[in-house]
Chemist: 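Once you've had a glance at the structure underneath, I'll fire off some questions.
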Amino acid sequence: MDFRYSDEQLGLQETLQRFIARDYTFEQRRTFMQGAHGYSEAAWQQYAELGLLGLPLPEQYGGLGGSATDVMVVMEQFGRALMLEPYLTCVVLCGGLLRDLASPAQCAQVLPGVCEGKTKLALAAHESRGGYDLAAIATVAQRERSGWVVSGRKHVVLDAPGADLFLVAARTAGSPGDESGISLFLVAKDAAGLVMEPYATQSGSRAADLAFERVTLPAQALIGTAGAALPAIERAVDEACAALCAEALGAAAALNEATLAYLKSRKQFGVPIGMFQALQHRMADMYVAEEQLRSMAIVAAAHAREADAAVRTRTVAAAKAYVGGAARFIGQQAVQLHGGMGVVDEHIVSHYFKRLSMIEMSFGDSDHFLARFSDSLLAASS
Amino acid sequence: MDFRYSDEQLGLQETLQRFIARDYTFEQRRTFMQGAHGYSEAAWQQYAELGLLGLPLPEQYGGLGGSATDVMVVMEQFGRALMLEPYLTCVVLCGGLLRDLASPAQCAQVLPGVCEGKTKLALAAHESRGGYDLAAIATVAQRERSGWVVSGRKHVVLDAPGADLFLVAARTAGSPGDESGISLFLVAKDAAGLVMEPYATQSGSRAADLAFERVTLPAQALIGTAGAALPAIERAVDEACAALCAEALGAAAALNEATLAYLKSRKQFGVPIGMFQALQHRMADMYVAEEQLRSMAIVAAAHAREADAAVRTRTVAAAKAYVGGAARFIGQQAVQLHGGMGVVDEHIVSHYFKRLSMIEMSFGDSDHFLARFSDSLLAASS
Amino acid sequence: MDLNYTPEEEAFRQEIRAFLAAAVPPDVREKVRLGRRLTREDMLGWQRILHARGFGAGTWPQRFGGCGWSVVQQHVFEEECAAACAPPQIPFGLRMVAPVLMAFGSPTQQQYHLPRIIAGEDWWCQGYSEPGAGSDLASLRTGAARGGDHYVVNGQKTWNTLGQYADWIFCLVRTSQEGKAQNGISFLLIDMRTTGISVRPIITVEGEHEINDIFFQDVRVPLANLVGEENKGWTYAKFLLNHERTNNAGVGICKRSLAQLKQLAARQQRGGRPLLENVRFRDRIARLEMELMALEITNLRVLSAFARDNRPPGAEVSALKIKGSELIQDLAELKMHALGMDALPYLREALDPQWQAPALLADHYPPEAPPLTGQYFNQRKTSIYAGSNEIQRNIIAKMILGL
Amino acid sequence: MDLNYTPEEEAFRQEIRAFLAAAVPPDVREKVRLGRRLTREDMLGWQRILHARGFGAGTWPQRFGGCGWSVVQQHVFEEECAAACAPPQIPFGLRMVAPVLMAFGSPTQQQYHLPRIIAGEDWWCQGYSEPGAGSDLASLRTGAARGGDHYVVNGQKTWNTLGQYADWIFCLVRTSQEGKAQNGISFLLIDMRTTGISVRPIITVEGEHEINDIFFQDVRVPLANLVGEENKGWTYAKFLLNHERTNNAGVGICKRSLAQLKQLAARQQRGGRPLLENVRFRDRIARLEMELMALEITNLRVLSAFARDNRPPGAEVSALKIKGSELIQDLAELKMHALGMDALPYLREALDPQWQAPALLADHYPPEAPPLTGQYFNQRKTSIYAGSNEIQRNIIAKMILGL
């Protein structure tokens, strides 16, 4: 039993921290946010050089074959620095999904470009009018001649504007809500009939709605077996949720640090406000929440690639729900303790708060995951 | 709009306060608890003389025809003094049920004795293994010759050991869970075949389980129309819940007073512990909770006899759920702020805490009533 | 005990309701309903409409052109305004500086300013907080030095709300360093067009320009613009703070927010069914509605006691502030959650009334959606401003509980 | 990062589990499982069984007869004990006075007392708190005056747990009025059979005799029973408090409580269906299980850091105390709620192991039911004793956050 990062992981962490201190300050981030796709392409190339982009990907495709805990190291720093690049969607979510589901030929076609920072991926899976259900897919892929024709719409596709390729979940059989019949396709951003409506997100990155208007794909665009993609998509989303827990940890820990520093420096009535016991106790509760959040992020990483899908799903659900609640508590209280300074754009506190809020809302809010975990108790007892 | 008690109500309140100060101190209460039925028969006779026992009952049967708010005045003082007598069950619940459901002849037979303190009633309605559903009745009453034969069991019949007559809900048609088919019968405590298993309750009064082993009743034991008693029982339980909200208000307010006094008198580290800001803020939250609780108790009393059953039920449900939660908060925090003194039998604080807890558990806990209220939102929207 | 409004109050409510149904401009109503940006003219125009009907200042005494309503009537008015999606009345003139002028201002000040406030001619803003003086307001440092028939003001005010629209600002300034910090403060009225005033926008968490820093560099203010006595400003400031706290509960706004939440929950889908049918989400709504039921009565209890005893609001309003702010925050939070993944888009242009959802978004993104996430972020301010909820708990502990 | 126990630790767990399966007397196991009263003999007897197997004192060094287990091993042991429904080990001797004697006691004291503690021959109790000295322990007033070869002790201790069973009491007494309050305190070992000691039961909220007042009237205590130096007792007291705080999370007990809650929810009926199928109740269970998942890892993180760095527990354990106490309270609360109306009966006699439910009750009243409501009441103490959760927050603020 050892809850420390390994020496290699600590090395990676230190590398990232150095990078952030020099190339990813809050002010630099503000300019990145104004970039074409809402992030720094230069930073992305740096990540490629540091090996981050292949971290969880197989070595034969240029990756490092790292674990979910390795990813946790990276995502924790992404949270601390509020980094905008599409690491979660491109590397963790889509990279992991291809790793698990794609053929060696497909992996060899796409993953090296991901590892090298030349290719960016995004997952087009949600379309359920604000719902989170990955089986609620109405987009249809029909076999035609030697390939497929995809028609349908995808909502809030994270990091879509900067993506080169989309992994698109479409139904090759069954009806919305059915667990089987869902297939995954690789679609280039410039495919004929693919329409994109891009927009910013509340925490500074970009997303888009997509419409597939009879988009024609070759046979080899199908990833994995037709109709059997849902388990892999769910696994990839679980791994992404575990990574989000780590990102929340980084942001919450940094926010607690900022709040503690503010309590010590901000004076009212002639003394630092950290002298007031009610605020001391609040800060103590925020510290405790961070410790518990950290534990759940560790649990999530440890189970993110668990072979038993039921155990993985219920564990990640518990972690995402718990982390969402703890991050909300820390975020709201940090704003409160900062007073007016907590609600202004020029101070980083509001950005941590927004990011923590959007982490909770991504892939399912705390109620959604509480429900999954709670319902798993029924299965366990019967 | 006027949220004050009327002059008559204030007079009643003052009378009760004088009575309590002289005849119902905490130490006197302790001896009453040891009495045959766990309360003071002398106090009961005093209530009769003060007119309390007929307060909500019709004047033609010796009552005063008072409102639910009049009852609120009494129950608030019952809460403050932790009074043990079966006012809630005998007068509010059973008296109100007879008033609404019984024939004039039946009322004339029973209610004068209630008003005079000669007859005590208890309601035998629950039997659902810890459930709160008033329709879950399996006890059966069969027509035989000119009367009825009742068979079944009733659980946790409050104040049963001291009761002279029971109002017994039994099924004359249908199956457990059906809303129709439930009838109400008047059964004497010494009826042949009626077996009682008495016990104390956690807050100092008494209750019992009852078994009806082919208890034979005359035709006139039926109260109201056969099979149609449930709406009246539900109404009476709602009125009892409103009265419990008032009792909780009295207990919570007295507990807040005791806690505030303790904060001012108890010294640690050389100062009264009420000097510590964290405890000041807790006490402020307890004050706010009491104010909100009071508002909900007022709402409950105002709607306790509302003609529209749906409005009455949803309003009382909201009040009982809210009051249960607020009382739990105040109770737990009062114990916490009292430290060790909060968890000992010799100090009144633990008794307030216990009573508040049992008020929440009676007739349905906060989750139960939240569910009723929440589900009513669906009906309202459709 | 009578929970009902009097027949007179009910008649008053009907009168207000009928008036509002006709008077709120449809485009403005729609902006309020959907949370779109309001212009300066939208708000001043609404004040003029109210004034034309004689409803310009509900709680002002009639001798100043107000309606002289009771606090209960004012509550009814505000509740109906919220229900009718009327824009908010700008409080800085009507509810803040005006009561101070009525109590402490010179006849000249009263005669010039009060009619212009009630008629929607001048927009006022507030100059209280400074970077080093928030909850601890008495430590303010913006100075006003006498020079001839003028004060010369230098310093900085912050957390100034909507000062970019303002014609006038009322300021607390330091006119003396003697004695306790509270003693040397004066209350000045300053024309925003005076040379030396600059306004720097502060963008708030949700990306909007709602507040400002105001800088004063050698700003010359006529001595006649001093309210009351020099160095007595602290008294007027406390008087103002008490008046500011009258509608702390915000019951009307909470009711509209709850109604919107329910509509949203009835329309948003989860797994092909309305979100309202999801017991977990519905329970969260139910809890807030219970809280609102209690708050409404608590609020009316406090207001009716004030009206009956004819006294100004006391420390009881601190409880209303705590509960009201928490409730409006919780409602905003739940509305964001109702959006699910649709909470993520940040469509700044969508707050413009002209905005039409692109076809792709229109498919799933409800018309109420654009402001909701930002409102959740922005509403965190309600437990911070006008005396943070921590300050309110201090007030309860000290003034009510005697701790 | 490795969340797994080592193969050695796993083997250790299996060894403990096998031992417990055979060693816990079935009647005692059943009492623990159903929350029935344990006798003094049940608890001392269990200590003797543990001692006979060499498990009498897991964390004591081997030179004092202990096992010298790591904190992780001790955690595994306690978790298995809780799962096996073994009775608790009496902490006052083993975990409180013994570490003080090992560190500061005389060889004579060590040689006499430690073997008797580990062997379950003596029951110890604690004499710390006084009516005027709770969280502010240094203000204690029980005095010990030197007279010849004795101290003469006069005063009162309170919140004494299970002193009615005790052979010995360790006391903080005042031996000097000089200097700071902390300076004049000494640590005495007192034979409970000494003339002048009287024990007055304090009945706790749930109606049981768990704590006492202890009165000392001219109690003669040999000077040899002083631990360490006179007037240095505060140092030993702080040392003890740090040692007391090692198993603050109570993860094993929480796990057993959660398992019981789930069993209860699977068996209790609501509307003809198991309560566990009620989504509202199940969600409440789920929230507590999530909290426990987090707490278990937080606890192991703290313990493994202590073990690795070979250092005594630090202020981190305050977080474990807060979360652990809240969780055990919440679990007790939920179990009471699972009973519904059956939470109301108070059957004092039902806590006796011989009790059989009368036929009428047996019909609906589950065998776990009798103690549950009382446990909910009683568990309120866990956020009060051993340093209230407010004190724990003070510790975190000061020691960890530097506020």
Side-chain angles (χ1 to χ4, degrees), chain B residues 1-6 9 67-70 72-73 256 260 263-264 272-277 279-299 301-303 315 317-319 321-323 325-326 367 369-378 380-382, chain C residues 1-6 9 70 72 75-76 262-263 265-267 274 276-277 279-287 289-305 307-308 315-316 318-323 326 389-390 392-403:
Chain B
M1 197 179 307
D2 190 345
F3 295 91
R4 295 171 303 178
Y5 286 138
S6 68
Q9 288 167 339
S67 69
T69 307
D70 295 331
M72 180 180 175
V73 175
N256 266 352
L260 183 57
L263 289 181
K264 290 177 179 176
I273 58 175
M275 298 284 286
F276 293 105
Q277 194 192 30
L279 306 194
Q280 291 179 347
H281 281 201
R282 195 89 53 84
M283 192 72 233
D285 286 337
M286 292 160 73
Y287 157 80
V288 174
E290 178 191 327
E291 289 300 313
Q292 293 278 83
L293 190 167
R294 184 182 303 275
S295 293
M296 278 304 220
I298 288 171
V299 169
H303 288 83
T315 309
Y322 191 92
V323 166
D367 268 13
F369 284 108
L370 170 67
R372 287 184 85 148
F373 179 67
S374 176
D375 293 348
S376 79
L377 299 185
L378 254 192
S381 87
S382 63
Chain C
M1 185 101 48
D2 178 8
L3 276 63
N4 299 309
Y5 290 93
T6 62
E9 286 162 346
S70 71
V72 173
H75 168 76
V76 168
K262 285 182 177 176
Q263 285 163 9
R267 209 164 49 213
L276 192 63
E277 291 183 16
V279 63
R280 291 161 172 118
F281 197 85
R282 193 170 67 247
D283 279 5
R284 293 181 71 184
I285 299 175
R287 284 182 198 281
E289 181 157 352
M290 282 160 45
E291 201 68 62
L292 179 54
M293 287 170 72
L295 180 62
E296 179 171 20
I297 299 295
T298 304
N299 188 48
L300 289 172
R301 284 168 49 216
V302 169
L303 294 184
S304 66
R308 197 176 55 241
E316 303 96 313
S318 289
L320 303 177
K321 166 65 165 48
I322 292 171
K323 280 288 163 184
E326 290 177 353
N389 285 9
E390 288 77 17
Q392 304 298 340
R393 289 188 177 90
N394 285 349
I395 291 171
I396 291 171
K398 187 172 170 187
M399 307 295 287
I400 297 181
L401 304 175
L403 288 170

Chemist: Using a 4.5 angstrom heavy-atom cutoff, name the option from C:K262, C:E390, C:R284 with the most pairs to chain B.
Modeler: C:E390

Chemist: If you count heavy-atom pairs under 4.5 Å with chain C, which of B:R294, B:H281, B:Q280 comes out on top?
Modeler: B:H281

Chemist: Heavy-atom distance under 4.5 Å to chain C: side chain of B:Y287, backbone, both or neither?
Modeler: side chain

Chemist: State whether the side chain of C:R393 and the backbone N or O of B:A284 hold a donor-acceptor pair below 3.5 Å, judged by distance alone.
Modeler: no

Chemist: If you count heavy-atom pairs under 4.5 Å between each of C:E277, C:M293, C:E296, C:R282 and chain B, which one has the most?
Modeler: C:R282

Chemist: Side-chain contact test, heavy atoms from C-beta onward, threshold under 4.5 Å: evaluate it for B:L370 versus B:Y322 and give yes or no.
Modeler: no

Chemist: Would you indicate whether the side-chain heavy atoms of C:L295 and B:Q292 approach each other to under 4.5 Å?
Modeler: yes

Chemist: At a 4.5 Å cut-off on heavy atoms, which part of B:A318 comes close to chain C: side chain, backbone, both, or neither?
Modeler: both

Chemist: Below 4.5 Å from any heavy atom of chain B, which atoms of C:Q263 appear? Answer side chain, backbone, both or neither.
Modeler: neither

Chemist: Could you list the residues that satisfy side chain to side chain donor-acceptor pair (under 3.5 Å) with C:R308, not counting sequence neighbours?
Modeler: none

Chemist: Find the one option among B:M283, B:K264, B:M72, B:Q277 whose heavy-atom pairs under 4.5 Å with chain C are most numerous.
Modeler: B:K264

Chemist: Who wins among C:V72, C:I400, C:I322 for the most heavy-atom pairs under 4.5 Å with chain B?
Modeler: C:I400

Chemist: Examine whether an atom of B:D375 lies under 4.5 Å from a heavy atom of chain C, and if so say whether it belongs to the side chain, the backbone or both; otherwise answer neither.
Modeler: both

Chemist: Please classify the contact of B:A326 with chain C as side chain, backbone, both or neither, using a heavy-atom distance under 4.5 Å.
Modeler: neither

Chemist: I'd like to check the side chain to side chain donor-acceptor pair (under 3.5 Å) partners of B:Q9; sequence neighbours left out, ordered by chain and number.
Modeler: B:S6, B:D70

Chemist: For C:T298, is it the side chain, the backbone, both, or neither that has a heavy atom closer than 4.5 Å to a heavy atom of chain B?
Modeler: both

Chemist: Any side-chain to backbone donor/acceptor pair from C:E9 onto C:T6? Under 3.5 Å, distance only.
Modeler: yes

Chemist: Minimum heavy-atom separation for C:A319 and C:I396, please, with both atom names.
Modeler: N-CD1, 3.9 Å

Chemist: State, yes or no, whether a side-chain contact exists between B:M1 and C:L3 at a heavy-atom distance under 4.5 Å.
Modeler: no

Chemist: Can you tell which part of C:D283 gets under 4.5 Å to a heavy atom of chain B, answering side chain, backbone, both or neither?
Modeler: both

Chemist: Quick check against the 3.5 Å criterion: does C:N299 have a side-chain atom that pairs as donor or acceptor with the backbone of C:L320?
Modeler: no

Chemist: If you count heavy-atom pairs under 4.5 Å between each of B:A371, B:S374, B:G274 and chain C, which one has the most?
Modeler: B:S374

